[in-house]
There are 2 protein chains.
Amino acid sequence: MGRKRIEPGKVRLTEVAALAGVSPITVSRFFRNPDTVSAGRRARIESAAKELGYVPNLAARALASQRTEVIGVLIPSLTNNVFSDVLRGIYDAFDGSRYSIQLANTRYSVLQEERLLRLFLMQKPAGLIVTGLDQTAESRSIIEAADCPVVQIMELGTEPIDMMIGFSHVDACYAAISHLLAQGCRRIGFIGARMDPRVQRRLQGYQNAMKDAGFFDPRLIVTAPVPTSTIMGGSLFSDLLMKAPDLDAVFCANDDLALGVLFECQRRHIAVPQQLAIVGFNDMEFMAAAVPPLTSVRTNRYEMGRRAATMIMDAIEGRPVAQRVVDLGFEVIERQSSTLHRTAGSLEPATGRASGTKW
Amino acid sequence: MGRKRIEPGKVRLTEVAALAGVSPITVSRFFRNPDTVSAGRRARIESAAKELGYVPNLAARALASQRTEVIGVLIPSLTNNVFSDVLRGIYDAFDGSRYSIQLANTRYSVLQEERLLRLFLMQKPAGLIVTGLDQTAESRSIIEAADCPVVQIMELGTEPIDMMIGFSHVDACYAAISHLLAQGCRRIGFIGARMDPRVQRRLQGYQNAMKDAGFFDPRLIVTAPVPTSTIMGGSLFSDLLMKAPDLDAVFCANDDLALGVLFECQRRHIAVPQQLAIVGFNDMEFMAAAVPPLTSVRTNRYEMGRRAATMIMDAIEGRPVAQRVVDLGFEVIERQSSTLHRTAGSLEPATGRASGTKW
DNA sequence: TTGTATGCGTTATCAC
DNA sequence: GTGATAACGCATACAA
């Protein structure tokens with residue numbers, strides 16, 4: 001009965017303490033905060049630890065201290081490049097800190113999110129970063145049970161669980177459409193794929209802008225529930241052209257779709273922006289390199305990740321968090337793909353465009 | 001002296017056991033392997049746990065069992081899309097399993113890698129997935145100390161630490177260059193950025209192929225240590241044109257660079273593939289959508305991640321691992337950007353090309 | 001299938 | 001600044 005005795009080769013705090021001629025708790029202190037140990041013992045402990053090849057046991061530490069240094073991060077996709085920038089910000093900010101990141105992929109599923117949160121809960125995370133505003137009631141209660149600082153990223157809302165950093169997707173898209181309207185575009189299409197909550201809100205912004213301008217037409221909207229891609233951009237654009245051959249601009253819910261639209265225009269010899277203006281969303285790196293350079297809505301994703309991380313750390317370590325809800329804003333980067341230099345009213349006729357190219 | 005008593009509100013195995021009328025160890029068994037508990041008790045335990053809102057404590061579990069279900073994954077970049085596919089494979093394979101993934105970003109630094117491995121070691125990971133072959137001796141000894149299954153991914157070598165899955169970057173690039181040579185190209189440029197070990201090996205494959213064909217010329221190689229990007233592709237291509245104006249093809253060490261080259265060609269009115277063939281590497285989704293569609297070397301990154309994960313799980317759970325070194329191969333996807341339909345020898349002169357467009 | 005006894009390696013607490 | 005003691009919550013080993 002009982003359990004076998006200690007293995008002889010094992011190196012614990014105790015062994016280091018014995019070799020250094022101090023008590024275990026002093027070694028423990030040394031590893032967590034060297035400054036709290038006198039210089040003499042510090043040196044002895046350090047060399048003893050090195051000599052024995054001591055490696056702290058995080059599980060024992062977590063059990064004894066009743067907490068961890070794990071930050072749980074939940075994002076909906078590993079493929080969507082949008083999140084890689086956010087992640088880079090998060091990883092950069094935590095780099096060199098004592099915290100380690102545990103990344104989970106919800107796959108755009110709120111149920112997966114619940115399941116993953118439950119998993120995090122078992123670890124007693126030091127902090128949580130979650131994507132978006134649309135957590136289920138169950139998810140929210142799990143988060144509350146975790147009893148740690150939480151930051152919601154990517155969006156903006158009025159009722160944060162704890163803290164929040166992002167921007168308004170409705171406003172950002174509204175601004176993009178307003179830009180197109182200001183360029184004289186009237187028949188502005190909307191292309192969207194995946195249709196996660198953030199894309200839905202961009203669609204809302206589109207609808208608001210078009211209705212406010214008096215040009216709303218549901219036939220101008222083409223969406224698909226499938227993952228977004230360049231090829232999908234071309235194919236949705238083709239669908240859109242069938243429904244609305246008099247199109248003079250396309251807003252794409254993200255840049256991959258916009259790139260696909262651009263290629264499809266090249267294929268069909270549609271002149272951009274003369275015959276069709278294109279606007280994307282996210283301002284990925286390739287947008288500026290395209291021919292013509294593509295207009296997009298820039299969002300500060302890296303900064304979002306970075307600041308989410310610092311907000312978490314500030315909260316954990318008891319520093320005052322200046323703002324609990326941070327609006328990072330956005331910027332419409334106007335490039336050649338939507339810069340028409342034509343006045344409203346001088347638009348080419350809906351069909352039979354000047355160049356006579358096939359659509 | 002001593003420590004404060006148990007908080008009254010806390011729910012542990014003991015509390016669940018008391019309510020269910022069984023011993024704690026039975027509850028423990030129920031949570032790890034429900035089948036080992038009789039149906040009657042199973043129901044009682046389940047309802048008791050739900051009633052009390054019991055959440056297992058992973059730290060206590062890890063301490064008592066001397067192991068965890070954490071799989072450490074080390075990748076060099078979060079931005080490079082190549083890894084998002086691999087990660088998706090890894091996450092998909094572990095999804096639903098009892099293992100959880102801890103992702104670390106080495107930023108292409110072997111020292112960071114060492115540091116992160118040391119961190120993993122403290123957690124007693126159940127398995128490790130590391131990128132590439134070029135771990136330092138120190139890293140290797142840390143990995144050995146971790147004493148768990150290890151898979152090296154992305155490349156192929158003869159001396160795996162434990163297991164390995166990937167493909168030969170040298171061979172893959174050699175095949176791509178061979179394809180261009182077969183198309184009649186002779187002045188084939190090489191563009192590379194970042195120059196991590198895998199890009200270095202692709203360069204090696206390029207050099208081998210060009211030397212074997214008797215067309216090697218160091219002026220055809222342009223590289224930069226900076227991160228890869230579409231814009232960098234255009235700019236390196238411009239540099240290359242200065243050094244070798246008689247270029248008839250460009251191999252790009254990755255697809256982002258290739259896209260940049262394509263756009264630069266559009267900008268300079270260089271006809272692809274008639275005046276210049278383009279080949280990329282990785283076969284990202286957008287390559288097929290481009291105008292013209294871009295040739296690339298397809299590598300099965302998703303599958304690589306997925307199988308690395310199953311290899312790890314097999315090893316952990318004592319199932320025999322069929323192959324310890326798995327070659328996933330590659331495939332040159334020939335598309336219009338490099339399909340010339342011209343015979344060797346009928347090449348346009350190096351300068352003053354038929355179309356007379358400006359370079 | 002179920003229970004008993006014991007140990008996992010560390011830190012919190014309080015005293016010096 | 002340093003140390004003695006007890007507790008952290010669970011799983012292992014063995015017996016029944």
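Throughout, protein chains are lettered first and strands after them, A, B, ... in sequence-line order, and every chain is numbered starting at 1.
- Heavy-atom distances under 4.0 Å link DNA chain D to B:Tyr54, B:Pro56, B:Asn57 of residues 36-57 of chain B, given in residue order.
- A salt bridge links B:Asp162 and B:Arg324; the closest N-O separation between the charged side-chain nitrogens and carboxylate oxygens is under 4.0 Å.
- For B:Ser65, no side-chain nitrogen or oxygen approaches OP1 or OP2 of D:dA11 to under 4.0 Å.
- Residue B:Gln66 has no polar side-chain atom (N or O) positioned under 4.0 Å from OP1 or OP2 of D:dC10.
- Under the 4.0 Å criterion applied to side-chain N and carboxylate O atoms, A:Asp95 and B:Arg115 are assigned as salt-bridge partners.
- For D:dC10, the OP1/OP2 oxygens have no side-chain nitrogen or oxygen of B:Arg12 closer than 4.0 Å.
- Regarding contacts with the backbone of D:dA11, a side-chain N or O of B:Arg61 is found under 4.0 angstrom from either OP1 or OP2.
- Comparing C:dT11, C:dA12, C:dG3 against the side chain of A:Arg67 picks out C:dA12 as the nearest.
- Looking only at atom types and distance, the side chain of B:Arg32 has a donor-acceptor partner in the side chain of B:Ser28 under 3.5 Å away.
- Residue B:Leu13 is in sugar-phosphate contact alone, with no base atom involved, counting any heavy-atom pair closer than 4.0 Å across all strands shown.
- Within the structure, a side-chain polar atom (N or O) of A:Thr26 is placed less than 4.0 Å from OP1 or OP2 of D:dG3.
- Nearest heavy atom pair, residue A:Arg61 against residue A:Pro56, reads NH2-CB, 3.7 Å.
- Taking only side-chain nitrogens and oxygens, A:Arg29 never comes nearer than 4.0 Å to OP1 or OP2 of C:dT13.
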